[in-house]
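Side chains included, hydrogens not; waters and symmetry mates left out as well; all remaining heavy atoms used. Throughout, residue positions are numbered sequentially from 1 according to the sequence presented.
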Amino acid sequence: PAISEKVRNEIISENVRLSKFDSDMLGYTAHEGETISLLELALQKYTFVDIPAGTVTLKGEKDHTVEIVIRQPDNTDATVILENVNIKGSTETTFQIGQHCNTVITLKGTNTFNKEGIRVPPTSTLSLQGYGSLTVVNNRNYGVGIGASFNDPYGSISIDMVGKLPIKASGDKVIGIGGGNSEGNGIRLNKGNCRISAKGINLVAVGSS
């Protein structure tokens with residue numbers, strides 16, 4: 001308790017930085033109704049979280065970026081509550097939805113996905129809800145904003161949130177929301193404050209390439 005907030009943050013940041021040099025790929029499987037601290041998992045050197053079904057809450061600290069990938073297996077329905085999550089998929093898409101899935105993401109507080117965002121395969125549906133914000137930084141060539149990469153098909157995407165949804169995309173071929181073509185019910189921007197900025201050679205803000 002005597003440690004200042006500044007020193008505490010420095011200690012946490014250094015431990016998170018060192019944890020990613022571990023070569024083991026550790027996975028954590030969430031359980032129905034569980035609340036998970038992503039910072040604690042990162043410090044224990046977990047690299048991905050599987051959410052097989054049900055409702056799961058993932059909590060983070062917005063000032064600390066951790067390298068963890070969120071995965072939802074095929075043929076599952078899940079509600080994922082994100083609260084002040086700040087994560088980065090160093091070599092993979094940050095949030096990966098499986099085939100034939102129904103996914104609801106509810107936002108609380110300030111959330112950030114770095115490198116890539118949320119992959120929605122052509123057989124799956126995503127509804128983005130809540131009063132919080134989600135910033136997606138997609139700065140990997142052929143990376144995913146929300147949907148799929150530039151040439152790949154994507155599923156049904158519905159933006160039903162109240163908060164802000166800034167998407168920042170850059171690269172040779174980049175996508176904000178969408179992908180190559182929609183094989184689901186397309187994209188519905190029902191409500192929310194969505195702002196997309198893109199820099200590159202071939203760009204799609206919202207829709208199909």
Atom pair OG1 (T47) and CG (L26), whose distance is rounded to the nearest 0.5 Å: 6.0 Å
Without swapping roles, check the side chain of N84 against the backbone of T110 for a donor-acceptor pair under 3.5 Å. yes
Run through R71, Q96, Q72 and flag the one making a side-chain hydrogen bond (donor to acceptor under 3.5 Å, both in side chains) with D50. R71
Tell me the closest heavy-atom pair linking S208 and G180, and the distance in Å. CB-O, 3.3 Å
Grab the two heavy atoms, one from P122 and one from P153, that are nearest each other, plus how far apart they are. CD-O, 3.7 Å
Take Y142 and V174, measure what side chain to side chain contact (heavy atoms under 4.5 Å, CB included) needs, and give me the verdict at the end. CA-CA 6 Å; Y142 294 94; V174 297; over 6 Å; no
Roughly how far, to the nearest 0.5 Å, is the CD1 atom of I36 from the NZ atom of K59? 12.0 Å
In the single-linkage hydrophobic clustering (I, L, V, M, F, W, Y; side-chain heavy atoms under 4.5 Å), do I97 and I146 co-cluster? yes
Using 0.5 Å steps for rounding, measure from the CG atom of L107 to the CD atom of E83. 11.0 Å
Do V162 and L134 belong to the same hydrophobic cluster, where Ile, Leu, Val, Met, Phe, Trp and Tyr are linked whenever their side-chain heavy atoms lie under 4.5 Å apart, directly or via other members? no
Verify the distance criterion only: is there a donor paired with an acceptor across the side chains of E116 and T94 at less than 3.5 Å? no
Ignoring hydrogens and geometry, is there a side-chain-to-backbone donor-acceptor pair from S133 to G163 under 3.5 Å? no
With side chain to side chain contact (heavy atoms under 4.5 Å, CB included) as the criterion, how do L82 and F113 come out once you've worked through the C-alpha distance, each side chain's angles and the decisive distance to 0.1 Å? CA-CA 11 Å; L82 301 179; F113 287 172; 3.6 Å; yes
Closest approach of P52 to P73 (non-hydrogen atoms, all atoms of both residues): CA-CD, 3.7 Å
Does the side chain of L43 come within less than 4.5 Å of K45's, by heavy atoms? no
With a 4.5 Å cut-off on side-chain heavy atoms, are I167 and I177 touching? yes
From L58 CG over to L38 CG, what is the distance, rounded to the nearest 0.5 angstrom? 5.0 Å
If two hydrophobic side chains count as joined below 4.5 Å and joins carry through other members, does L41 share a cluster with V56? yes
Side chain to side chain, Q129 and V104, heavy atoms closer than 4.5 Å: yes
Do E32 and T55 have side-chain heavy atoms sitting under 4.5 Å apart? yes
Student check: side-chain heavy atoms of I187 and Y154 closer than 4.5 Å: yes
For S156 and V120 the tightest heavy-atom approach is O-CG1, 4.1 Å
How about V136 and K168: do any of their side-chain heavy atoms sit closer than 4.5 Å? no
With distance as the sole criterion, is a donor-acceptor pair present between the side chains of T112 and N86 under 3.5 Å? no
Taking S158 for the side chain and S127 for the main chain, is one N or O donor matched with an acceptor at less than 3.5 Å? no
According to a 4.5 Å side-chain heavy-atom criterion applied to Ile, Leu, Val, Met, Phe, Trp and Tyr, with indirect links allowed, do L203 and V144 form part of one hydrophobic cluster? no
Could you check whether any side-chain heavy atom of I105 comes within less than 4.5 Å of a side-chain heavy atom of L126, counting everything from C-beta outward? yes
Please tell me whether L39 and V49 are part of a single hydrophobic cluster in this structure, the criterion being side-chain heavy atoms less than 4.5 Å apart. yes
Ring centroid separation Y28 to Y46 under 6.0 Å: yes
CZ-CG distance between R188 and D160, expressed to the nearest 0.5 angstrom: 9.5 Å
Short question: side chain of N139, backbone of S170 - any donor-acceptor pair under 3.5 Å? no
NZ of K164 to SG of C194: how many Å apart, nearest 0.5 Å? 12.5 Å
Has S124 got a side-chain atom pairing as donor or acceptor with G98's backbone, closer than 3.5 angstrom? yes
Give a yes or no answer on whether the side chain of N114 reaches the backbone of I87 with a donor-acceptor pair at less than 3.5 Å. yes
Do R195 and L165 touch side chain to side chain, with heavy atoms closer than 4.5 Å? no
State, without any angle test, whether T125 and N102 hold a side-chain donor-acceptor pair at a distance under 3.5 Å. yes
Do E34 and T57 get their side chains close enough for a donor-acceptor pair, meaning under 3.5 Å? no
F48 vs I70, side chain to side chain contact (heavy atoms under 4.5 Å, CB included): CA-CA, chis, key distance, verdict: CA-CA 6 Å; F48 60 87; I70 303 169; over 6 Å; no
How far apart are the C-alpha atoms of N138 and K115, what are their side-chain angles, what is the distance that settles it, and do they pass the side chain to side chain contact (heavy atoms under 4.5 Å, CB included) test? CA-CA 5 Å; N138 174 21; K115 289 292 185 183; over 6 Å; no
